[in-house]
Q: 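Structure in structure tokens, see below.
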Amino acid sequence: MRFTVLTHKGPYNFSSDYINHMYPVDSMYKACKQIEKEPKFSDISDTPVKPTSLAGPLEKLPNDLNGVKRKQSLLSELDRTLNIRNARAADRLYWKGQSSIPRSATRALAPIVPSDSLNKRTTTTAGLAMAVGVVVQYARAVVLFEIIKKEAEKIARKAKDKYQDSAGCVLSINIKYLKVKRDYGRAPNLFSITVDKGLSAVSSIEFNSIKYIQNKVSNICKPALSPEPELQVKVDPEESVDHGKYGYAILYLKCEW
Amino acid sequence: MNKCIVFTSILILLFGAGCSDSSTPNRDFSFEVQSLDLDSQDPSVYESEVAKLKKLADSDNPIAQYRYADVLLHKGSVGDAIPYLQRSIALGEQHSAELLGILYVRNDNKKDDLEGFELLTQAAESGLGTAQLYLGFCFTSDECKLPQNAELSYYWLSKAKDNGAAEANLFIDDVSEQIPDTALAMQRYDENVKKVICEIDSSKC
């Protein structure tokens, strides 16, 4: 049985650094919601520059303020106005207690980027998990790794028996951690392991992990009722998701047999 | 007579004040670490908080020593992390014993196995769930370097379960099938610990 970690950047070997490839559900969902709530740029009309103040011919004028200079001053005035608008949009979000969300027009002002398009800026030196705040106790990460490995093998074997002629499967592994700050750092627990998809011999070869994860990530922003999974192991079958108390993160694993 | 009594009490007070150590007020190690923003997503903020954590660790805060060692381990600096863990253990920090125990048991040096086992046992006996779970898992795993011992595995898995580690439920049934009498396994804890120590290092038999 061979396991590979699936990420939006491509596949990785399943090893004890798996924690760097987990997707934190809450922060990604929050980022999506903030993007939706962000006021439209065109809605911010309050500008100190009168729209008519810059009107006028661009040809050479008797006072030697020629067209090029005039166009230049118009553009720089537009830049300034744009900056004022950007700052105002960021301020409004800030005073509402929200982070300012980057977009193509305001990228320079934005401290973070949306999590549904995680890129180099959020995954700089310390890896994805560090960037999104799923830094866990090293000891706990080791224990979880051993548990996930063993349980993933068990469920993959069940999937092999269930899906005839299959060559592999995709598993989503959910962990949960207390949201409150703890002296010794986060100590997550395994929440569930679900078989997301069975892979046939052909689909296993053609499987595009980047596309698959991008779809999964964008679906986090549009939660919808999904059918009960056919194959799932829940550590505590009675326990339901509690977003108030716990944060959740997902690891995607591809298994091949 | 009264003067004598007043004089004696002043002397006693002065002596008492001299003996008490007012230069080092009780430190709240937990608060010192809690005040740091180690979950910051801003790399520059995070780095500065880690620098503060290092200062706390260097000033003998055992929790900070554990957390700083944890940061170093996440960066892959095992050699730098171990001295901090050892200092923290010397100050009585069981989380550090747990972490160093796991590092020793998982490394390739056979000489560290016994110390790793003893540290993990110490942490598990103090009630740390991760150490209990690791020991419970390890004694029946082929990949673990500790000798196989289903009774000890059952002992620690049931302790971890009682301690609220739900993951123990995933393994405890399989392990209990491997032992004839679960009650006996709980009773024979000390005996099994000695047996494992003997198997790791025959000179300790």
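In this text, all values refer to a predicted model and were calculated from it rather than measured experimentally. All heavy atoms count here, side chains included; hydrogens, waters and symmetry mates do not. A, B, ... follow the sequence lines: proteins, then strands. Residue 1 opens every chain.
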Q: Kindly assign one of parallel, tilted or perpendicular to the pair B:Trp156 and B:Tyr189, based on the angle between their ring planes and the thresholds 30° and 60°.
A: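 Perpendicular, since the angle between the ring planes exceeds 60°.
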
Q: Between B:Ile63, B:Val33, B:Leu36, which residue shows the highest count of heavy-atom pairs closer than 4.5 Å to chain A?
A: B:Ile63

Q: In terms of heavy-atom proximity below 4.5 Å to chain A, should B:Leu170 be classed as side chain, backbone, both, or neither?
A: both

Q: So which of A:Asn189, A:Asp17, A:Val233, A:Leu144 has the biggest tally of heavy-atom pairs under 4.5 Å with chain B?
A: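 The residue among A:Asn189, A:Asp17, A:Val233, A:Leu144 with the greatest pair count is A:Asn189.
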
Q: If only atom types and distance count, is the side chain of A:Ser166 paired as donor or acceptor with the main-chain N or O of A:Leu199 below 3.5 Å?
A: no

Q: Given that the side chain runs from C-beta out, which part of B:Glu143 has a heavy atom under 4.5 Å from chain A: side chain, backbone, both or neither?
A: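 When you check distances to chain A, only side chain atoms of B:Glu143 fall under 4.5 Å.
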
Q: Any donor-acceptor pair under 3.5 Å linking the side chain of A:Lys254 with the backbone of A:Leu6?
A: no

Q: Tell me, side chain or backbone of B:Glu98 under 4.5 Å from chain A's heavy atoms, or both, or neither?
A: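 The side chain, not the backbone.
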
Q: Against chain A, work out which of B:Ala166, B:Ala165, B:Ala69, B:Ser30 has the most heavy-atom pairs shorter than 4.5 Å and name it.
A: B:Ser30

Q: Between A:Tyr184 and B:His95, how do the two ring planes meet: parallel, tilted or perpendicular, split at 30° and 60°?
A: parallel

Q: What part of B:Phe171 gets within 4.5 angstrom of chain A, counting heavy atoms only: side chain, backbone, both, or neither?
A: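 For B:Phe171, the contact with chain A is made by the side chain alone.
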
Q: Heavy-atom cut-off 4.5 Å, strictly under: side chain, backbone, both or neither for A:Glu151 against chain B?
A: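 Interface part for A:Glu151: side chain.
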
Q: Quick one: closest heavy-atom pair of B:Leu135 and B:Ala124, and the distance?
A: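 Residues B:Leu135 and B:Ala124, closest heavy atoms: CD1-CB, 3.8 Å.
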
Q: I need the residue from B:Val71, B:Asn169, B:Ile102 with the largest number of non-hydrogen atom pairs under 4.5 Å to chain A.
A: B:Ile102

Q: Describe, in one word, how the ring planes of A:Tyr12 and A:His21 are oriented to each other, choosing from parallel (under 30°), tilted (30 to 60°) and perpendicular (over 60°).
A: parallel

Q: Hey, mind stepping through B:Asp174 and A:Lys154 against salt bridge (Lys or Arg N to Asp or Glu O under 4.0 Å) and telling me if it holds?
A: CA-CA 12 Å; B:Asp174 289 346; A:Lys154 270 192 211 169; 3.6 Å; yes

